[in-house]
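Below is one structure; the comments refer to it alone.
Each chain gets a letter, A, B and so on, in the order the sequences are listed, and its residues count up from 1.
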4 protein chains.
Amino acid sequence: MENITDKKRAIFESTLVLVKEKGFHGTPMSQIAKNAGVAAGTIYHHFDSKETLILELYSYIRDKMLDAMLQLDNEAMNYKDRFFNFWISHCLFYIKNPNALFFMEQFVNSPYSNRDPLQDNERFQNTFRDLIKTGVETGVLKSVNSLILSALIHGTIVNTAKIHLCRRINMGQAELQQIVELIWDGMRNIPNASKV
Amino acid sequence: MENITDKKRAIFESTLVLVKEKGFHGTPMSQIAKNAGVAAGTIYHHFDSKETLILELYSYIRDKMLDAMLQLDNEAMNYKDRFFNFWISHCLFYIKNPNALFFMEQFVNSPYSNRDPLQDNERFQNTFRDLIKTGVETGVLKSVNSLILSALIHGTIVNTAKIHLCRRINMGQAELQQIVELIWDGMRNIPNASKV
Amino acid sequence: MENITDKKRAIFESTLVLVKEKGFHGTPMSQIAKNAGVAAGTIYHHFDSKETLILELYSYIRDKMLDAMLQLDNEAMNYKDRFFNFWISHCLFYIKNPNALFFMEQFVNSPYSNRDPLQDNERFQNTFRDLIKTGVETGVLKSVNSLILSALIHGTIVNTAKIHLCRRINMGQAELQQIVELIWDGMRNIPNASKV
Amino acid sequence: MENITDKKRAIFESTLVLVKEKGFHGTPMSQIAKNAGVAAGTIYHHFDSKETLILELYSYIRDKMLDAMLQLDNEAMNYKDRFFNFWISHCLFYIKNPNALFFMEQFVNSPYSNRDPLQDNERFQNTFRDLIKTGVETGVLKSVNSLILSALIHGTIVNTAKIHLCRRINMGQAELQQIVELIWDGMRNIPNASKV
DNA sequence: TATGAATGAGGGTTCATTCAT
DNA sequence: GATGAATGAACCCTCATTCAT
């Protein structure tokens with residue numbers, strides 16, 4: 001995936017845009033080819049089939065995302081800051097890359113993703129899950145199965161980005177801050193907190 | 001939608017199962033017909049097109065869901081209990097109707113839903129949103145845009161059901177209770193709470 | 001065909017209008033039924049099939065036409081007057097019944113009419129052909145195969161009506177008179193006439 | 001239309017034969033493809049739809065016809081000879097190309113041709129109409145709207161060819177000569193001619 | 001490696017016809 | 001006789017994929 005050719009990248013980007021707009025079904029290979037500026041047959045020199053293309057595109061985006069995430073982390077920070085940092089930067093990535101967000105959301109809910117909408121999505125955020133696990137193990141976060149916690153948190157990130165992109169409720173730094181705060185309040189360990 | 005015919009219901013149920021298994025694209029009208037026990041042409045006496053069928057199926061499920069939700073609410077209960085009740089019963093509905101869950105998740109992320117994955121989903125949960133609004137206005141919940149709050153909470157419900165169904169992490173009453181607790185901790189209004 | 005029922009007539013008229021507008025192919029039985037104000041199945045109590053309906057409609061129109069023609073003839077008139085009378089009244093019938101004209105023109109050029117566009121059309125105008133035959137035999141018309149003559153003349157009638165209806169060149173009594181005159185000049189027997 | 005590919009030509013010829021035999025409706029694209037020796041999908045590389053195919057076939061034939069017509073004209077001849085030449089060669093074209101004749105007759109009477117059976121047919125014979133116009137303007141032909149004259153004359157050509165092809169009345173050079181003569185007698189300008 | 005015309009299985013949809021009511 | 005929901009074969013067309021150039 002590292003030595004990705006220009007042609008492959010063009011095909012990926014063309015697919016990404018089209019799938020976002022038209023869905024998997026509404027996106028013929030011929031149009032992917034046209035928008036990528038290559039011949040239809042050329043795609044088949046790089047990908048075995050449409051399914052393979054979609055699958056590889058998923059990996060491609062996952063990796064791009066991971067790269068973006070990792071640049072922002074810093075193990076030296078205190079836990080809450082790392083958590084906030086991660087959450088916000090992740091959310092901003094989605095906001096800045098709506099095509100990627102919509103593609104992935106379609107993907108994880110489609111039969112392409114092996115009928116397990118959370119599995120791959122989660123593999124992609126190994127780093128994130130490790131962060132949560134650490135939080136649970138050190139007692140900073142509530143004592144809940146860390147798989148569940150990270151899935152829930154990732155859900156809030158995706159939902160927040162969607163609210164921004166679809167509902168047109170603007171999410172600036174202040175709003176995002178307010179939302180992580182809220183998530184954090186739910187996740188962090190405060191003995192005897194659940195009382196009204 | 002009230003006096004729905006048996007044939008329409010059979011077509012709906014057939015579509016629901018197939019879409020869950022194969023996706024919109026992977027589900028030919030011919031197979032929907034076969035599994036519903038009707039002729040291909042019969043579908044077109046009840047629905048104008050495949051798109052219409054999908055759209056009406058969405059409404060059909062939304063209504064079924066709403067019915068299930070409303071049976072469990074009781075305005076006499078205190079707010080936290082209503083909140084918990086709602087969250088859990090909603091989540092249990094998804095868990096007991098995985099086809100509905102997967103269909104809706106595919107739907108809201110597909111071009112069928114007018115490029116706005118949250119809009120209709122939200123209309124469906126008007127009641128839910130009203131509950132949240134009340135919480136915010138009475139000061140029980142944090143002072144956050146109630147649209148955002150309800151979208152986030154609905155996201156946690158969907159994600160929890162998916163964890164149960166896909167990741168095979170069993171979500172019994174105890175686990176669900178633990179998770180709502182966590183969500184509640186995040187949402188409820190506790191002055192000076194966000195400090196580690 | 002004489003004791004035609006109201007329902008049959010309604011079906012005929014509905015078919016006529018639709019075929020004119022949409023052609024044979026563009027006219028589904030279901031729509032014929034709807035526009036006739038009967039149920040789809042009802043048509044099949046009166047006609048064996050769509051083909052039968054079309055075929056019988058052709059006869060129905062042919063008879064209606066013949067009736068209209070016969071009212072206008074008068075064997076006591078001199079030959080030229082009868083010829084003119086026939087030609088003009090026939091043409092006016094088409095002009096006043098454009099649906100009939102277009103239906104018949106489609107019919108005689110379609111596979112419905114047994115691949116012989118002139119045969120039935122001509123049978124319909126037996127009376128006309130007899131008139132021509134008489135003209136040839138008495139030496140008033142040129143000595144040409146009367147089948148040919150009558151086919152040619154009928155062609156000029158149809159074409160004149162079409163010019164009026166399609167090309168929107170108005171054909172009043174004067175114009176029609178001018179055109180028959182011209183046809184007559186061609187058909188009548190004038191020894192040594194063909195020189196420039 | 002000049003650099004028409006072999007495949008396009010094969011599709012055209014296949015369509016022509018089938019439409020003549022079965023009509024537009026009775027001619028499935030699949031059979032057009034088979035008889036043309038191509039795959040069904042191939043047609044759609046050359047034509048947008050069945051309608052487009054029919055429309056382009058009409059143009060194709062019109063052009064072929066025009067070519068055939070123009071080879072035979074010669075402006076140096078006297079008017080009557082040009083007229084006769086045109087009429088006969090046009091009629092012979094139809095006789096030699098019955099598929100073309102029947103296709104065009106179906107076409108101009110179908111909804112394909114924009115509800116104006118004479119319009120396009122006429123455009124095709126611009127050259128013909130000019131000849132008639134000249135005749136009228138120079139006083140050789142009767143003083144009648146030249147659009148009407150040319151439509152009428154074209155009608156006699158089509159009808160004569162149909163008589164030959166359908167009624168099996170053989171039209172050799174002698175018979176054709178006799179018929180044009182008759183048409184000519186009707187059209188040419190003879191002062192005081194219309195008397196019996 | 002790149003091309004794009006060609007393929008043909010399979011899709012959504014239509015519609016002449018039937019039959020239980 | 002009249003109805004109209006149901007039928008299913010057949011239609012037009014799409015599109016993932018191939019292969020000669």
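- Atom C1' of nucleotide F/dA2 and atom CD1 of C/Ile32 are separated by 18 Å, given to the nearest angstrom.
- Remark: P of E/dG4 and CD of A/Gln31 are 16 Å apart, rounded to the nearest angstrom.
- Counting non-hydrogen atoms of neighbouring residues, nucleotides and ligands closer than 6.0 angstrom, the CG atom of A/Asp67 exceeds 12 such neighbours.
- To the nearest 0.5 Å, atom CG of residue B/Leu53 and atom OG1 of residue B/Thr27 are 10.0 Å apart.
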What does nucleotides 13-21 of chain E look like as a protein-contact string, B for base, S for sugar-phosphate only, - for none, at under 4.0 angstrom between heavy atoms? BBSSBB---

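- In this structure, B/Lys162 contributes its side chain and B/Leu101 its backbone to no donor-acceptor pair below 3.5 Å.
- For the pair C/Lys8 NZ and F/dG1 C1', the computed distance is 14 Å after rounding to whole Å.
- Between D/Lys7 and E/dA6 there is a side-chain N or O to OP1 or OP2 distance below 4.0 Å.
- The side-chain heavy atoms of C/Phe102 and C/Glu21, taken from C-beta on, include no pair separated by under 4.5 Å.
- Every stem involving DNA chain F, taken as at least 3 paired positions in a row under the Watson-Crick or G-U wobble test at 3.5 Å, is listed here: E:2-21 with F:2-21.
- Taking atom CZ on C/Phe47 and atom P on F/dA2, their separation rounds to 12 Å, with Å as the unit.
- Sorted by first and then second residue, the pairs that involve residues 20-46 of chain C and meet ring-ring contact (aromatic ring centres under 6.0 Å, His included), not counting sequence neighbours, are C/Phe24-C/Phe103, C/Phe24-C/Tyr112, C/His25-D/His25.
- In this structure, A/Lys22 atom NZ and F/dC15 atom P are separated by 11 Å, rounded to whole Å.
- In this structure, CG of A/Leu18 is placed 15 Å from C1' of F/dA16, rounded to the nearest angstrom.
- For D/Glu51, there are no salt bridge (charged side-chain N to carboxylate O under 4.0 Å, His left out) partners, not counting sequence neighbours.
- In this structure A/Asp48 satisfies the side-chain contact (heavy atoms from CB on, under 4.5 Å) test together with A/Thr52, sequence neighbours excluded.
- Sequence order on DNA chain F of the closest nucleotides to C/Gly37 and B/Ala39 puts C/Gly37 first from the 5' end.
- If you take CD1 of A/Ile43 and C1' of F/dC15, they are 12 Å apart, rounded to a whole angstrom.
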Can I get a per-line list of side-chain donor-acceptor pairs under 3.5 Å for residues 30-40 of chain A, giving both atom names and the distance, sequence neighbours left out?
none

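- Applying the 4.0 Å criterion to OP1 and OP2 of F/dA5, one finds that B/His46 has every side-chain N and O outside that range.
- The shortest distance between side-chain heavy atoms of A/Ile11 and A/Phe47 falls below 4.5 Å.
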